[in-house]
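Structure first, then comments.
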Amino acid sequence: MTRPLDIRQRILTIADRCVLCGMCLPHCPTYRLAQEETESPRGRISLAQALAADRLPASAGLANHLDHCLGCRACEAVCPSKVAYGTLLRDSRELLAQQRPPGLPARLARQALTTKGGGRLLTAAVALQRHLHPIKAGSTGLVARAAARLPAAAPSTALPRQLPAIGPQRGRVTLFVGCTGRLFDRQTLAAALQLLPLAGLELIIPPGQGCCGALHTHAGEGERARQLAATNLQAFADPGDAIVAITSGCAATLSDYEEMTGQALSAPVRELSDLLAEQLPKEGLPLAPLSKRIAIHEPCSQTRVLRRPGSARRLLERIPGIELFELASNELCCGASGSHMLTQPAIADALAQPKLAELHERGGELLVTTNIGCLLHLKANLGEASGVELLHPAALLARQLRP
Ligand code: SF4
Ligand code: SF4
């Protein structure tokens, strides 16, 4: 699959819109940490512009500044000139990777996280690491960090191809399972299989689907990301009323296919909790009460890419007795950001800490988030001893459901 536009030209066109006003700087997590122009959106736009115009070489320094970017798009949300920073970042990383191919460890980590065989190899490496060394959340080695973040993979079980709606049918949706969800978030996957039919939706799980391509896009491996997109475009050729992803990171990438490849999926892409909040009955579900304080962490993919904030609250308000509060620090990325949590330990952990401090200060007993990457990263930084459980909101709702 070929690129619809010349990426150098697109970088230059987007960068031209930046009026250098600096309004994005205080909203940028990496600028707030480093207080350096080169770690800011404005600085990165200038670096990308110079790279695309061949005014700067693809040096290690330039690569570092682009690599540190979380892709959280907080800058894009506040930019008065509507600079399409997310597109510029994706194109710049692809241009950079053409001149400085990513290192072997990072490529192996992506392969491991996004393929079935690779996932089995990674979990074996993680199990060995756990056996040999105690796990520390703040470790900086790639496998050690993976060991601290990835739960034991559930044994692979066959998924149904189709589940009928329970009660009167109100629609037909297709489920995007995703590689990390299938391996590491079986709870949320099980919740999707239980709750979507209960919402009156016939559920189809198309065979032949694969990784959404998010991690490859983050790393500048554009051609591989487009190949993965082509596989999913084919697998979801008959998508029903909506394509439902169980994690907001995958939903965000799927919703970007048109820009990535020139071809869009032919139904809206919805994140699971968002669709359930809309489709499940507001009253009458047999839900057990829950008297706990639940912190809501809203991922950047949910709020700034999908632009569907508030889905966790809208869904969980159905549970009697529940006490919900949004983290004030939701405006800043938690540091997970694709494989950033594995490859940029200092930044990733520094960004997780204020959220966890707030969680403790405000007496959060459980934390919900719609993105598996955020969940694994925050969980690792919390540590086993905290006693705070982390779940997808749909998994929490399914747990409260009574027969
Ligand atoms: S807010 Fe927009 S126009 Fe202003 S410096 Fe940032 S990217 Fe450029
Ligand atoms: S995407 Fe996030 S980390 Fe990157 S420049 Fe924009 S605000 Fe900063």
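Along the sequence shown, residues are numbered consecutively beginning with 1. The figures here come from the full heavy-atom set of this structure, side chains too, leaving out hydrogens, waters and symmetry mates. Both counts, for ligands and for their atoms, begin at 1 and track the order of listing.
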If we number the atoms of ligand 1 from 1 as shown, the ones under 4.0 Å from a heavy atom of Ser81 are 3 (S)
Backbone N/O of Glu271 and side chain of Ser248: donor-acceptor pair under 3.5 Å:
no
Checking the side chain of Tyr85 only, and the main-chain atoms of Ala74 only, is there a donor and an acceptor separated by less than 3.5 Å?
no
Look at atom 3 (S) of ligand 1 and say which protein heavy atom is nearest, naming residue and atom and giving the distance to 0.1 Å.
Val19 N, 3.3 Å
Does Glu39 offer a backbone N or O that forms a donor-acceptor pair with the side chain of Thr30 under 3.5 Å?
yes
Near atom 4 (Fe) of ligand 2 (under 2.8 Å) - protein N, O or S atoms
Cys69 SG
Quick check: does Cys18 put an N/O/S atom under 2.8 Å from atom 8 (Fe) of ligand 1?
yes
So between Leu88, Ile14, Val78, Ile45, whose heavy atom ends up nearest atom 7 (S) of ligand 1?
Ile45
Indicate every side-chain donor-acceptor pair of residues 199-207 with a distance under 3.5 Å to a residue at least two apart or in another chain.
unit_1 : atom_1 : unit_2 : atom_2 : d
Glu202 : OE1    : Gln169 : NE2    : 3.4
Glu202 : OE2    : Gln162 : NE2    : 3.1

For Glu331, I'd like to know if atom CD has over 12 heavy atoms of other residues, nucleotides or ligands within 6.0 Å.
yes
Please state which protein non-hydrogen atom is closest to atom 6 (Fe) of ligand 1 and give its distance, to 0.1 Å?
Cys24 SG, 2.3 Å
Whether Ser40 lies under 4.0 Å from ligand 1, heavy atom:
no
Keeping Arg226 on the side-chain end and Gly213 on the backbone end, is there a donor-acceptor pair under 3.5 Å?
no
Relative to the heavy atoms of Gly22, which atoms of ligand 1 are at a distance of less than 4.0 Å?
4 (Fe), 5 (S)
How close does the nearest protein non-hydrogen atom get to atom 4 (Fe) of ligand 1, and which residue and atom is it?
Cys21 SG, 2.3 Å
Would you confirm whether Arg32, through its side chain, and Pro26, through its main-chain N or O, come within 3.5 Å as a donor-acceptor pair?
yes
Tell me whether Glu36 contacts the main-chain N or O of Gly43 through its side chain, where contact means a donor paired with an acceptor under 3.5 Å.
no
Options Ser46, Cys79, Pro80, ranked by nearest heavy atom to atom 2 (Fe) of ligand 1, top entry
Cys79
Results of side-chain hydrogen bond (donor to acceptor under 3.5 Å, both in side chains) for His218 - residues two or more places apart only:
none
Sorted by chain and residue number, the side-chain hydrogen bond (donor to acceptor under 3.5 Å, both in side chains) partners of Glu389 (sequence neighbours excluded) come out as Arg399
